Amino acid sequence: MDRRNFLKILGGGALGTAAVLTGCKSKTETKAVEEYKKQVEPPVGKMTYRTSPTTGDKVSLLGYGMMRLPSKTENKDDYDQEMINRQVDYAIEHGVNYFDTSPVYCQGKSEACTGIALSRHKRSEYFVATKLSNFHPSTHSREASIEMYKNSMKQLQVDYIDYYLLHSVGGGMDEFERRYVDNGMMDFLLKEREAGRIRNLGFSFHGKQSVFDEVLAMNDKYHWDFVQIELNYLDWSFADEINNRNVDASYLYAELEKRNIPAVIMEPLLGGRLANLPQYLATELKQRDPERSIASWAFRYAGTPKGVLTVLSGMTYMEHLKDNLLTYCPLKPMTVREQRYLDEQVAERIAGLENIPCNDCKYCMPCPYGIDIPAIFVHYNKCKNDGTLPRLKMDDEYFKLRRNYLIGLDRAVPRLRQADHCIGCGQCEPHCPQSIRIPRELHKISQFVEDLKQNSILKDRQKG
């Protein structure tokens with residue numbers, strides 16, 4: 001029984017739904033409730049899998065990204081290991097077997113949290129992916145990079161890594177040479193793969209097309225087992241328009257497909273942006289398929305191409321996990337008509353919003369001055385998408401929106417972590433995969449907020 005038939009039995013109204021869920025006696029209605037519960041609970045044994053053409057691994061189409069872990073308290077760094085364990089258990093029970101982490105995720109705590117959760121399961125039940133995240137010059141040396149690699153195994157409590165990535169390739173070939181070639185790390189990693197301590201070797205990409213092309217051309221030498229790319233229905237054709245240092249996913253995917261290299265997909269929701277669409281777009285999607293979440297459209301889009309090995313999702317809450325499992329247990333591939341609708345209508349209108357292209361990946365964190373950079377950008381983008389961003393005109397609607405924006409900002413970001421505390425040091429900027437000019441954007445938002453506050457003062461004076 002589907003949700004529509006369930007609601008038909010109840011009379012389709014909220015009061016009917018509430019009555020049944022609180023204990024109606026009708027056998028028909030009781031049966032409907034039980035079937036509905038089964039329908040919304042993800043089924044076991046229905047996960048869609050893809051087989052790697054390079055190693056034959058049977059990988060779940062839904063991959064668990066361990067970069068947005070649940071916290072015990074409002075302190076986002078106070079990770080809830082018990083909840084992490086529960087969610088990993090639930091994921092494995094429902095067929096998820098790919099878990100992606102990094103030494104730099106969650107302020108350096110992700111690998112340890114992931115290791116604790118996974119070590120409670122048989123090693124044969126999961127594939128673990130992690131990265132050589134040697135971004136800082138102090139980690140460029142062979143010794144420091146090898147230490148990072150070995151520490152990953154220690155934190156993950158494993159003696160081999162299933163999928164190992166060169167992290168965030170794309171800034172420039174000089175950077176690639178420093179991090180991986182000049183220090184001898186590529187030779188080391190190839191030997192580790194030959195010894196079986198690395199089962200699949202690849203790289204994740206953010207940046208310039210020329211770098212992607214050159215590193216991909218090294219396939220004859222390094223034999224990349226997989227490549228991780230950003231793919232979603234906005235980046236498929238509009239990545240370059242949103243940020244001229246990005247590359248359209250259609251190009252990246254096509255180049256991998258030519259070489260039969262499987263693609264691991266990151267940012268299918270663009271840091272949540274494609275799950276929190278402007279209301280008019282969300283309404284359109286709901287009208288087309290009332291039984292599916294807004295996020296499911298993006299996940300179906302990312303999972304449909306046959307060359308996709310797995311689609312990563314940073315699932316902070318159990319609700320996120322369950323919704324994604326419903327999408328991939330099993331996957332209902334997108335039709336050509338649905339893909340065209342997302343590509344030509346939804347994506348085009350989102351691209352026209354001119355948001356700050358922040359994916360909330362937190363690579364820019366921690367800020368040495370305590371600024372919560374992603375939270376500031378997320379709040380600004382949300383208001384802009386919702387059409388509630390205050391405009392500079394002196395009317396009652398403006399002051400209402402101004403008040404809501406400022407109150408919402410204070411709730412989302414503590415005062416001492418807001419944009420006006422940015423000194424423009426620029427330490428964050430080189431780490432941004434989207435190449436956002438972070439200090440410049442923070443200063444623009446700081447000035448915007450100051451203007452809002454000054455307009456409030458002006459209104460108070462007018463009243464006086």
Side-chain angles (χ1 to χ4, degrees), residues 2-3 37-50 58-70 80 83-101 105 110 113-114 117-118 125-129 163 228-235 249 263-277 282 285-286 288-305 308-334 338-339 342 346 359-361:
D2 63 19
R3 181 183 180 90
K37 285 181 179 178
K38 291 177 184 177
Q39 190 267 331
V40 296
E41 185 71 14
V44 175
K46 298 294 185 179
M47 173 61 69
T48 297
Y49 292 90
R50 295 277 169 77
K58 185 179 178 184
V59 179
S60 58
L61 189 53
L62 176 60
Y64 209 130
M66 308 297 286
M67 68 179 297
R68 296 184 176 98
L69 300 178
D80 188 343
M83 180 55 70
I84 295 168
N85 292 349
R86 284 178 57 196
Q87 291 179 191
V88 166
D89 293 349
Y90 191 88
I92 290 177
E93 178 189 356
H94 287 78
V96 175
N97 65 7
Y98 191 100
F99 296 84
D100 172 88
T101 182
Y105 289 171
S110 176
C113 292
T114 302
L118 290 177
E125 290 183 344
Y126 62 87
F127 300 117
V128 65
Y163 290 80
Q228 188 164 306
I229 60 172
E230 187 171 305
L231 187 153
N232 51 70
Y233 63 77
L234 184 58
D235 281 329
V264 171
I265 303 307
M266 56 184 163
E267 298 296 351
L269 287 181
L270 270 177
R273 287 166 62 193
L274 300 186
N276 297 289
L277 298 177
L285 293 179
K286 276 297 184 183
R288 284 174 171 264
D289 195 340
E291 297 175 31
R292 292 185 180 273
S293 69
I294 301 302
S296 71
W297 285 80
F299 280 102
R300 287 178 61 221
Y301 186 97
T304 293
V308 169
L309 184 64
T310 189
V311 179
L312 301 177
S313 176
M315 297 172 280
T316 308
Y317 304 109
M318 185 66 81
E319 291 79 7
H320 297 163
L321 174 58
K322 288 186 176 183
D323 187 54
N324 292 342
L325 286 169
L326 285 169
T327 300
Y328 287 143
C329 292
L331 169 72
K332 179 185 176 183
M334 283 217 146
E338 287 175 322
Q339 288 176 315
L342 291 178
V346 179
N359 293 348
D360 195 22
C361 67

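Keep in mind that what you see is a predicted model, and the values were worked out from it rather than measured. In this chain, residues are counted from 1 in sequence order.
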**Complete:** Looking only at heavy atoms, the pair that brings C329 and H94 closest together is SG-O, 3.9 Å
**Asked** What are the two closest non-hydrogen atoms of M47 and S60, and how far apart are they?
**Response** CG-CB, 3.9 Å
**Request:** Check for a donor-acceptor pair, side chain of T310 on one end and backbone N or O of G63 on the other, with a separation under 3.5 Å.
**Result:** yes
**Complete:** Minimal heavy-atom distance between C113 and I84, with the atoms involved, is CB-CD1, 3.9 Å
**Request:** Would you check if the side chain of T316 reaches a backbone N or O of R68 as a donor-acceptor pair within less than 3.5 Å?
**Result:** yes
**Asked** Would a 4.5 Å heavy-atom cut-off, applied to side chains only, mark N232 and E230 as touching?
**Response** yes
**Item:** Side-chain heavy atoms of M318 within contact of P70, under 4.5 Å
**Value:** no
**Message:** Walk me through whether I92 and F99 qualify under side-chain contact (heavy atoms from CB on, under 4.5 Å).
**Reply:** CA-CA 10 Å; I92 290 177; F99 296 84; 3.6 Å; yes
**Message:** What I'd like to find out is whether the side chain of L274 reaches to under 4.5 Å of the side chain of Y301, using heavy atoms alone.
**Reply:** no
**Prompt:** Is Y98 close to V264 at the side-chain level, that is, under 4.5 Å between some pair of heavy atoms?
**Reply:** yes
**Request:** Check whether any side-chain heavy atom of L62 lies under 4.5 Å from a side-chain heavy atom of M315, and answer yes or no.
**Result:** yes
**Message:** Main chain of A91, side chain of Q87: is a donor-acceptor contact present, judged purely on distance under 3.5 Å?
**Reply:** no
**Asked** Can you list the steps and then say if T101 with S110 is a side-chain hydrogen bond (donor to acceptor under 3.5 Å, both in side chains)?
**Response** CA-CA 6 Å; T101 182; S110 176; 2.7 Å; yes
**Message:** Less than 4.5 Å apart, side chain to side chain, heavy atoms only: is that true for R50 and L331?
**Reply:** yes
**Message:** Determine whether L277 and W297 satisfy the following criterion, side-chain contact (heavy atoms from CB on, under 4.5 Å), listing intermediate values before the conclusion.
**Reply:** CA-CA 12 Å; L277 298 177; W297 285 80; over 6 Å; no
**Shortest non-hydrogen contact from V308 toward A302** = CG2-O, 3.5 Å
**Fill in**
So CD1 of I294 and CG of D289: to nearest 0.5 Å the spacing works out to 9.5 Å
**Message:** Within the 4.5 Å heavy-atom criterion, are L326 and S296 side-chain neighbours or not?
**Reply:** no
**Request:** Please confirm whether the backbone N or O of Y64 pairs with a side-chain atom of N324, one donor and one acceptor, at under 3.5 Å?
**Result:** no
**Asked** Is there side-chain contact between E125 and N97, with at least one heavy-atom pair below 4.5 Å?
**Response** no
**Message:** Can you tell me how far apart CG (L309) and CZ (F127) are? Round to the nearest 0.5 Å.
**Reply:** 8.5 Å
**Asked** More than 12 heavy atoms of other residues, nucleotides or ligands under 6.0 Å from CZ of R292: is that the case?
**Response** yes
**Request:** For T114 and Y126, run side-chain contact (heavy atoms from CB on, under 4.5 Å): C-alpha distance rounded to whole Å, both residues' side-chain angles, the deciding distance at 0.1 Å, then the answer.
**Result:** CA-CA 12 Å; T114 302; Y126 62 87; over 6 Å; no
**Asked** Step by step, would you call F299 with L269 a side-chain contact (heavy atoms from CB on, under 4.5 Å)?
**Response** CA-CA 8 Å; F299 280 102; L269 287 181; 3.5 Å; yes
**Request:** Evaluate whether atom NZ of K332 has more than 12 neighbouring non-hydrogen atoms of other residues, nucleotides or ligands under 6.0 angstrom away.
**Result:** no
**Closest approach of D323 to A295 (non-hydrogen atoms, all atoms of both residues)** = OD2-CB, 4.1 Å
**Request:** With rounding to the nearest 0.5 Å, note down the distance linking CD in E267 to CG in D235.
**Result:** 8.5 Å
**Prompt:** Out of curiosity, L342 CG to Q339 CD, how far, rounded to the nearest 0.5 Å?
**Reply:** 8.0 Å
**Request:** Taking all heavy atoms of P42 and all of Y90, pick out the closest pair and write down the distance.
**Result:** CD-OH, 3.4 Å
**Asked** Is there a donor-acceptor contact under 3.5 Å from the side chain of Y49 to the main chain of G95?
**Response** yes
